[in-house]
Amino acid sequence: MLAISDGAGSARHAREAAAAVTGAVTALFEQLAPRDFGMLSRERQVQALLNVCAACTAPLAQNSPADACATLLFFACDGEAAVYGHLGDGYLLALDDRGRVLWESLPDNTGDDPGRTVFTVSPDAPARLRICTAWGGDRPARVLLMSDGPCAMFRSRGGTLAATAAELLGYAAGGQLTSNEDLAAVLDQMTLLPSERSDDWSVAIWCRDGTDDGLPAAQECSMLAREMEKYAMNTEEKR
C-alpha cells in the first residue's frame, strides 16, 4: 500500500489534511482488500474513498472546505488484484516486469491554469477521481507515485514524465535503490536547477521483485533540506 497527498499551499490546514487523507486511505485498504474493492461499482468505490477522506478532514474544514484542500494518489495490491487511484495534480506510473506501461495518470489541472487542481473536498472530486483495478497477470511489477513538485525535473530530464519515472523504476528493480537515502541521492543527481525544487516533493516507489520486507520503516528525506544544505556548504566554503 502506497499513498501520497499534497496539501494546497493556500490551505490553512494543508499539512494536516494531507496526513489525514493518506492515513484514511491506508486504513481503508487495511479493512477492505483490493480484490474486494475492485468488485465494487465505480460509484461505490468513489463513495468509499471520498467518504473516509471527508470524515478525516471534516474537523479541519469547519470554517471552510478550502482549509483542508489535499490531493490523493494511492496504490494497493494483494494476491489477486491491484488498485490505483489519482485525484488532482501529481503523477502515477505502473509498469510490468518488462518495463511496459500498464497504467499512467497525468496531472489533472483546472482549465488552462497549471497552478489549480482538484482536491478531495472539491465538489467535482467524484467525477474527476481516477480509479483503475488490475487483476491477475495484469497486476504491475513496478509503481511510482509522486506529487507535482518533481514534475518539472522529470520533464526536463527525460522529455516526458514517463521516461524519467521509468528510469527510476529501473534502478529500483535492479537493486540500486533500497532506501529513501538511495532515492534522495539519485534525485539529487537528476535535479540540476534549484528552481526545480521550488514545490513540495513526495516520491514513492514499489517494486515486486526489488522490495525487501525485512527493511526497517523508511524515514522521510526532505529534498528541500538537502537543497538548503548545499547553500550552507557553499557559504562556509566562501568564508
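None of the values given here were measured: they were computed from a predicted structure. Below, each value reflects all heavy atoms present in this structure, side chains not excepted, and no hydrogens, waters or symmetry copies.
Between the CG atom of L161 and the CG atom of L93 there is a distance of 9.0 Å, given to the nearest 0.5 Å. If you take CZ on R42 and SG on C132, they are separated by 11.0 Å, rounding to the nearest 0.5 Å. Separating the CE atom in M153 from the CE atom in M146 is a distance of 7.5 Å, to the nearest 0.5 Å. Considering OG1 of T26 and CZ of F74, their distance stands at 10.0 Å, rounded to 0.5 Å. Rounded to the nearest 0.5 Å, atoms CD (Q62) and CG (D67) are 10.0 Å apart. The OH atom of Y91 sits 8.0 Å away from the CG atom of L144 when rounded to the nearest 0.5 Å.
When all heavy atoms are compared, the tightest approach of S105 to H86 is OG-ND1, 2.6 Å. Shortest non-hydrogen contact noted between S156 and E196 is OG-OE2, 3.0 Å. Across all their heavy atoms, A70 and S5 have their closest contact at CB-OG, 3.3 Å. The minimum heavy-atom distance linking M1 with V25 is given by the pair CE-CG1, 3.8 Å. Residues I205 and L177 approach most closely at CD1-CD1, 4.3 Å, considering heavy atoms. The two residues T164 and F154 have their closest heavy-atom pair at OG1-O, 2.7 Å.
Put simply, the side chain of R142 gets close to the backbone of D97: a donor and an acceptor are under 3.5 Å apart. In this structure a side-chain-to-backbone donor-acceptor pair under 3.5 Å is present from R130 to L106. Remark: the backbone N or O of V118 is not paired with any side-chain donor or acceptor of D108 at under 3.5 angstrom. A donor-acceptor pair is defined here as one N or O able to donate and one able to accept, closer than 3.5 Å; no such pair exists between the side chain of T57 and the backbone of L60. Judged by distance alone, with hydrogens and angles left aside, the side-chain atoms of R139 form a donor-acceptor pair with the main-chain N or O of G136 at under 3.5 Å. S147 places a side-chain N or O within 3.5 Å of a backbone atom of S202 that can act as its donor or acceptor partner. Formation of a donor-acceptor pair under 3.5 Å by the S64 side chain with backbone atoms of A66 is found in this model. The main-chain N or O of A134 is never found under 3.5 Å from a side-chain atom of D138 such that the two would form a donor-acceptor pair. A donor-acceptor pair is defined here as one N or O able to donate and one able to accept, closer than 3.5 Å; no such pair exists between the side chain of T22 and the backbone of A3. Using modelled atom types, no side-chain atom of H13 and backbone atom of R15 make a donor-acceptor pair closer than 3.5 Å.
Both L168 and L95 are part of a single hydrophobic cluster, where members link through side-chain heavy atoms under 4.5 Å apart. Two different hydrophobic clusters hold M39 and V83 under the rule that ILVMFWY side chains link at heavy-atom gaps under 4.5 Å. V121 and L50 are not part of a single hydrophobic cluster, where members link through side-chain heavy atoms under 4.5 Å apart. Both V101 and Y171 belong to a single network of hydrophobic side chains, linked directly or stepwise wherever heavy atoms of I, L, V, M, F, W or Y lie under 4.5 Å apart. In terms of hydrophobic clustering, with Ile, Leu, Val, Met, Phe, Trp and Tyr side chains grouped at heavy-atom distances under 4.5 Å, V52 and F119 are assigned to different clusters.
In this structure the side chain of P34 never reaches within 4.5 angstrom of the side chain of T133, judged on heavy atoms. Proximity of T117 to P107: side-chain heavy atoms (C-beta onward) are nowhere separated by under 4.5 Å. Contact of the T191 side chain with the W201 side chain is registered, since non-hydrogen atoms from C-beta on lie closer than 4.5 Å. Considering only heavy atoms from C-beta on, P150 comes within 4.5 Å of V203 through its side chain. Taking the side chain as every heavy atom from C-beta outward, L87 and L49 never approach each other to under 4.5 Å.
Below 30°, between 30° and 60°, or above 60°: for W103 and Y84 the angle between ring planes is below 30°, a parallel geometry.
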Can L40 and L32 be said to form a side chain to side chain contact (heavy atoms under 4.5 Å, CB included), step by step?
CA-CA 11 Å; L40 300 176; L32 184 64; 4.2 Å; yes
